[in-house]
Amino acid sequence: MIIHLEPNIQPGQLAEVQQKLTAHGFTSTEVRTQSHHYLVGVGKKPIDIRVIGTLPGIQDIHRVSDGYKLVSKKWRVQDTKIDLGDGVGIGRGHFQIMAGPCSIESEEQVEAVVKHLVANDVKIMRGGVYKPRSSPYSFRGLGQEGLQMFHQICREHGIRIITEVMMVEQIAEMHDFIDIYQVGARNAQNFNLLDALGEVDKPVLLKRGMSGTIEELLQGAEYIFSHGNEKIMLCERGIRTYENAYRNTMDINAIAMLKKMTHLPVIADPSHGIGIRAFVEPIALASVMAGADGIIMEVHQTPEKAASDGQQTLNFVEATEAYRRLRATRKLWEEF
Ligand code: PEP
Ligand code: MN
């Protein structure tokens, strides 16, 4: 059960609601986000929610019996929109492409990608400075210094930054240099990291774990939301299955399902989703038709020379064509 409290609820009124919940066999957790104040009630006994809903200080009340609650579409029917300023929005009808290399490598590389994005009216650049690599001997990123250079160049051109955060300690030092924190598949259930991201005032893109279920992804988002941050996007990036003809199995189903289950924007990552350059664009187009609110994909001037994930990275010519088709496909989807 979600009880949406009035912003000016008095302490005595709050205590009364909490006591009523306890009396009906419900435990309650107070959640104060950057924009709202809630009580989340968990209990098994049947209850007439009007008993609670008519108490003073309550804006509205909803029955949500799933394990994830605040991120559920059962109580908030209007989709969440992530606002990045200057008309750049994601969700609630707003579609965005995020593109850039797997890893930030050099100033020349960032300059080339930024120029390419500006020419194609892409507003958000991706690029990791802390790279979670399967092997400790692979390139692990340029770190904070690389991030500052990345930020400097992007800021000059009005490009927003999405980049991965791997540890709680990195959150604060990255804060002023990024627009969206990315939580990678390998950290999808790092609950300490998710809790800490609940305390920041910047959007978070949470990727699905390699073997994570849709419910686990939603529960991960619930950690961030219930710690105070409502600005969350979910990302389908392929899961590990018995199939090994490609890197991961892009679960297009999940995009359609998530759009039904949650009010949060859903982003598709076809690059990691299939892991093969030639198929990134068709899988991206399929994701748009499944209802994705955005696409994040890997793009590099010379993918053959990329420090990581070159095999799934588009060059500028391929990417330019992909953006055109993505936008045309999105238009088609909107007309449906
Ligand atoms: C990435 O975006 O480069 C990345 C490491 O993704 P994932 O966490 O989905 O593997
Ligand atoms: Mn990558």
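A salt bridge links E298 and R126; the closest N-O separation between the charged side-chain nitrogens and carboxylate oxygens is under 4.0 Å. Between K259 and D293, at least one side-chain nitrogen of the basic residue sits less than 4.0 Å from a carboxylate oxygen of the acidic one, meeting the salt-bridge criterion. The pair E16-K20 does not count as a salt bridge, with every side-chain nitrogen at least 4.0 angstrom from each carboxylate oxygen. Checked for salt-bridge contact, R208 and D251 meet the test: a charged N lies under 4.0 Å from a carboxylate O.
In this structure, the separation between CD on Q18 and OG1 on T29 is 9.5 Å, given to the nearest 0.5 Å. From L264, atom CG reaches atom OH of Y68 across 11.0 Å, with rounding to the nearest 0.5 Å. Note: I9 CD1 to Q59 CD = 10.5 Å, rounded to the nearest 0.5 Å. Considering CD of E230 and CZ of R76, their distance stands at 4.5 Å, rounded to 0.5 Å. We find the CG-CG distance between L14 and L5 to be 6.0 Å, quoted to the nearest 0.5 Å.
Counting non-hydrogen atoms of neighbouring residues, nucleotides and ligands closer than 6.0 angstrom, the CZ atom of F139 exceeds 12 such neighbours. Atom CD of E304 has more than 12 heavy atoms from other residues, nucleotides or ligands within 6.0 Å. For R133, the CZ atom counts as densely surrounded, since its 6.0 Å shell holds more than 12 non-hydrogen atoms of other residues, nucleotides or ligands. In the displayed structure, Y223 atom OH is contacted under 6.0 Å by at most 12 heavy atoms of other residues, nucleotides or ligands. Surrounding CZ of R140 are at most 12 heavy atoms belonging to other residues, nucleotides or ligands under 6.0 Å away. Heavy atoms from other residues, nucleotides or ligands lying under 6.0 Å from CE of M289 number more than 12. Within 6.0 Å of CG in N8 there are more than 12 heavy atoms belonging to other residues, nucleotides or ligands.
Judged by distance alone, the side chains of H272 and D309 do bring a donor and an acceptor atom under 3.5 Å apart. Donor-acceptor pairing under 3.5 Å is lacking for the side chains of H37 and E6.
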Please report the C-alpha distance between V64 and L70 in whole Å, then the side-chain angles of each, then the deciding distance to 0.1 Å, and finally whether the side-chain contact (heavy atoms from CB on, under 4.5 Å) criterion is met.
-> CA-CA 9 Å; V64 181; L70 291 159; over 6 Å; no

Checking salt bridge (charged side-chain N to carboxylate O under 4.0 Å, His left out) for the pair E321/R324: CA distance, chi angles, key distance, verdict?
-> CA-CA 5 Å; E321 188 57 16; R324 188 183 68 74; 2.7 Å; yes

T80 and I82: side-chain contact (heavy atoms from CB on, under 4.5 Å), yes or no, with the steps?
-> CA-CA 7 Å; T80 292; I82 305 292; 4.2 Å; yes

Walk me through it: do I90 and I267 pass the test side-chain contact (heavy atoms from CB on, under 4.5 Å)?
-> CA-CA 9 Å; I90 308 172; I267 309 299; 3.8 Å; yes

Under the side-chain contact (heavy atoms from CB on, under 4.5 Å) criterion, do I295 and F95 qualify, and how do the steps go?
-> CA-CA 8 Å; I295 300 291; F95 178 81; 3.9 Å; yes

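Linking Ile, Leu, Val, Met, Phe, Trp and Tyr residues whenever their side-chain heavy atoms come within less than 4.5 Å places I276 and M250 in a single cluster.
Test Q312, R237, K207 against D269 for side-chain hydrogen bond (donor to acceptor under 3.5 Å, both in side chains) and you get one pass: K207. Applying salt bridge (charged side-chain N to carboxylate O under 4.0 Å, His left out) to D79 and the options R92, K260, K73 leaves one that passes, K73.
Scanning both residues, G89 and H94, for their nearest heavy atoms gives O-CB, 3.2 Å.
Between H116 and Y323, the gap from one ring centroid to the other is short of 6.0 Å.
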